[in-house]
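Worksheet: one structure, shown below.
All of these numbers come straight from a predicted model, not from anything done at the bench.
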Amino acid sequence: MSIVAVLIETTENKVKPANFGILTAARETGQDEIYGFVTGVDPQMCKDDLAKFGVQKIISIEAEGVDLTSKPDLQAKAIIAALRQYGATTLLGLSSTVGKDILARVAAQLGAPLVLDCLSIDLQKRTVRKPYFAGKTVANLKVSGEYFLCGIRANSIEPIEAQTAAEIGSFRAEIGDDDSYVITEVIKNESGKVDLSEANVIVAGGRPVASAEHFEMLEKCAATMNGVVGASRVAVDEGSASHSIQVGQTGKIVNPKLYIACGISGAIQHYAGMKTSQVIVAINSDKDSPIFTRCDYGIVGDIFEVVPALTAELSKQSA
Amino acid sequence: MQSHDAIYMTVKAILMTGLLLGASGYFFYKLKFLFALMNSVEGKRTYTPDRIGERVKVLLTDIIGQKNVRRKLMPGLAHTLIFFGFLAVQPHSLVMMIEGIFPGFSAAQVVPGFFSLYLQVADILAFMVLLGLGYGLYRRTVLKPDYLTNGLDAKLIILFTSIIIITFHIYNAFHLVLPSHGFDYSRCFTVSGVFASILNLSSLSPAMQQSGLEITYWVHILTIFGFMLYIPGSKHLHLLASIPNVFYKSLDIEKPIMITDIEDEDAETFGLAKLHELNWKQVLDLYACTECGRCEERCPAANTGKPLSPKKLIHNMKVELLANGNSLVKKEGGENLPPLVGDETGSITKDELWSCTSCRGCEDICPVNIQHLDIIFEARKNQVLMEAEFPAELQEAFSSLENQSNPWGFSEDTRANWCKDLDVPLMADNPDADILWFVGCAGSFEDSGIETSKAIASILKKAGINFAILGTEERCNGDMARRCGNEYLAQMMIAENVEIFNRYKPKRVLTGCAHCYNTIKNEYPGFGANFDVVSHVDFIDELITSGKLQVRANGLSKNITYHDSCYLGRWNGKYDSPRSILSAINPEGALREMDKNRDNAMCCGAGGGRMFMEETQGERINNVRTREAIGTGADIVSTACPFCITMLKDGMRDNEGTQEVCDIAQLVNAAV
Amino acid sequence: MKIFVCVKSVPDTAATITVVRNTGFDESVKFLVNPYDEYAIEEAVSLCEKVGGEVVVVTLGKPDAMATVRSALALGAHRAILVTIDQQFFDSGDTANVLRKIMEDDGKGDLIFMGKQAVDSEAMQTGYRLAVGLGIPIASEIKEFSIDGDKVCVEREIGGGEKEVIEMTQPCIVATTKGLNEPRYPKLPAILKAKKKEVKQIALADLGLSQVAAMELLSMEPVPERSGAKILGGSTSEAVTELVRVLRKEEKVLV
């Protein structure tokens, strides 16, 4: 029986729900022992959540006199020491910004192969599936070598519970300090808003969204998905939106995972700005609107009915 | 003669000679400087005037006949009167000068019969000048149109001219009452006679009459000399510059953009950055401007609140040119010259430069054939190629053109997807097709463009035409890049298409878009692809008239208005075929023309690359034009260019209009 | 200051990718500078314009990648090194090894810029391996960059509206992402000059390095294009419930 280590990401002392899918993947063979590595958080706070999803041992990775949370290179070094200590050769994690960074440092220091942004993995065959070409293709890769390191895309694996009795332990790595890379500060962005061109979720309004109150309706919807609001040129012209959120050929070119077009006709000048969105949803009262030939999912209806209903449904499920 | 008279005559002769030599000397000195300035600029323009016979004819119709000037009726008539009247008066003034220098000489004695006839005609024509000037004053004091420069220059010219004419009449009036040594002045002076009566000259003593004559003489002569000194520095320079400018005008309507040699390794700069890079013809353009403002009156940007005015552009540049004249004539090069384009220092601001839709309204209406667009396109080239300064929205369009050969960035291998279910033959399979149909980017990717393409395909099939398209071998024709000044990108794209054309050697090229038509027909020959190009409106017209396409005469019975696309109309002179098509398919309905139609049509606002730029100042050009279309009361707004369709459809939506906007091809297809 | 910029030649993201023979793709599409590398080039060139020095582009690619290298030179880099390989996908560990050797042979740089990932194979790790190979630190997904004395200060966004402020010692590697700067549009003189700038071409074999090739591409499947809209019917609440379900469970675009 071998050990599969999983890097657990936490926020404000709570385990991020996205980890549960990773843990589910880790339990693939049903015969491995699952170790959850945490850093910079009290493992007791994570116990209940991690035990629910099959972690046998929660290991707090530490190093004497070194703040590992501000020094990811040293954190990686400590993780490697832990892997060696436990004889674990499989390490999984989230392919988030922080996760990718740590996993890459571990892989580089180990000289071991790593695949990031995996959609699914096969621990036994040591194969993974991940996107190539910005989502236009999916590649099947086989990894060879002593170690199997994977960063898995959030929500790509359905989380399945498996209650265990999780033990808590700690691993103290013997590593020296090093100031070549230090996180000196973590700043919270006041508005919490991301720039449109990098947003993952965009809810955009067109002609019918003719006032600031209307845009608030879209903002509420976007907020349930941690998304941002965009606008077509028509809405900007009407004065209800600023040019900085205009999506289109003469505005911003966006590439979100989800684009919800509310009351937007879908003419080519707008479409050119969001055509690379992974999923396009259109809500429009005109069933002949060109947007309905250019989206993945459509709802024919009055946006002032549909969008609030959508917001309610989204808040309901995420609570 | 009395001794007083003898002294006076001698003094007069000396003064006259001196003044004549002085004024002419100064005049010619100024002209020489202007000529040297024109030759000092370094822009290249190899220009050997061809078809001399036609050009001489043009001089007769345009200069003598004042044909272009009268395109605007009232001011044109006024100018014609002023023109002929002023010319008529010149010989008389010359005679006055000679008689001043040679006191014994009198034309009335030497050639009495001819002189008498001349004076009769001149007297009447001179009065016509006053009528014309009266209308000019009326325009400047009562009508006061925005586009008319109403400054000191204009007023001085009216003043000088009026004084010259009025003193002409008064001088002649005095001749009527003074002893005439046998010459019968009373037959000659219909108008001047009236002056004589009104001023009651016969009541003056002979001495006062003689003095009056001399005073009038001097006022007249001095005003003429003053005018001579004034002309080179004023807009009246057009008297001299307009003649060569009209002589050198292009005899064809169609005109390609100047080709910049981007392969030139020695070139330190591309496009127009500074004054010394103008070519001599552009300098002549600047000299010829009369600030009449007809270009500004036509300009869609100027009429919708943009800072651009073609008149101000030309005038500012002329002022800049003359201000830097000494430096230019000394060929000091560009270091001391200010950049032409710039928001602080230039004679053109960036907003002005990029507001232009290249509709060609300015060039079309200019009575002295100034080529405003040559300057705008060359300045844009410099901004893009040398400064990488252009509206930010264009960067995405440029990259998309370069990488996927269409401005929207759709994958180039989806170019033929619009017809994948339609069985449209490809040139690759059918290289001997009679017609190579160049579909164009809009026709391939844009919603309304695709509708038009489908209609054209259907028409071609119904008429049994052997045609084929290039499919994914087709690239953007390069028009948009060229009009935005990205000459490098444009030439790259043109070269690709030229290679494909030369490989297929099509018998005839059909285009569905006015911009494709203009570029492939008029600019591709400069790059080595010279083929017979026909626009879809001309072609459909041919099909209908030849009977190859049978249309139901009552296929449509609606009121239709037709929007003339700039690139078919003013750029290529094509106004008739769409109208003939409409009358063939819609004899029951009416063609409701907009006020601004044919060569006076208002641009839709998309040209000059503006389709891909934001319009933030003033009113939207397309909205103004759409309102005009709605105002005709027509049910359908038809046009022949996909960009016009998009702009008018947007305009309909913004103005909540209910009219249908479509291409002529779609109407024809429905009537087959 | 000597700055290396690692640039990859990749297919235009606007191009259609057609899978060929199970593991290949139709390479006749337009190739260009990896979009994330554009920010790297711009930052390096701007920095050099301020403090002087040279920007050296290093690329591993097929011989056709030369066009991309020239584009990178047109954006202001001074010279380039192109290591020719015969496939588009190259193991990131092996890539990092080649980059390390090139930089050691050419003379190590004060800074190394590169894009955070290539838009084709999207490994997102080459820079980290190069960092270990050279024994220097790396920061990735950088949106702010400045030099303060002998330290490099960078910022990166980590999601949830939070960003990290980081200090690194020099020399170091900076992997760039969108938002760091606005890549310039090349001026024509720069494009023409780029045709003459030095590009040293080296065949991979001549470097005398062995390849590990720890990852094998077994197959590639195209993801079907938007195949037509699915209009969700029923009442508003039914349609909305179905939409959220689909977005969560099938499309998996909602967290």
Qualifying residues under salt bridge (charged side-chain N to carboxylate O under 4.0 Å, His left out), relative to B:Arg610, sequence neighbours excluded:
none
So, using side chain to side chain contact (heavy atoms under 4.5 Å, CB included) as the criterion, who are the partners of C:Val83 when residues are at least two apart?
C:Leu60, C:Val98, C:Ile102, C:Leu204, C:Leu207
Under 4.5 Å from any heavy atom of chain B, what part of C:Pro183 do you find: side chain, backbone, both or neither?
backbone
Donor-acceptor table for chain B and chain C, threshold 3.5 Å:
{"unit_1": "B:Leu385", "atom_1": "O", "unit_2": "C:Leu188", "atom_2": "N", "d": "2.6"}
{"unit_1": "B:Gln395", "atom_1": "NE2", "unit_2": "C:Pro183", "atom_2": "O", "d": "3.4"}
{"unit_1": "B:Gln404", "atom_1": "NE2", "unit_2": "C:Asp12", "atom_2": "OD2", "d": "2.6"}
{"unit_1": "B:Ser411", "atom_1": "OG", "unit_2": "C:Thr16", "atom_2": "N", "d": "3.0"}
{"unit_1": "B:Ser411", "atom_1": "OG", "unit_2": "C:Thr16", "atom_2": "OG1", "d": "2.6"}
{"unit_1": "B:Asp413", "atom_1": "OD1", "unit_2": "C:Thr16", "atom_2": "OG1", "d": "2.7"}
{"unit_1": "B:Asp413", "atom_1": "OD2", "unit_2": "C:Thr16", "atom_2": "OG1", "d": "3.4"}
{"unit_1": "B:Asn486", "atom_1": "ND2", "unit_2": "C:Tyr185", "atom_2": "OH", "d": "2.7"}

Return the set of residues passing side chain to side chain donor-acceptor pair (under 3.5 Å) with B:Glu277 (not counting sequence neighbours), or none when no residue passes.
none
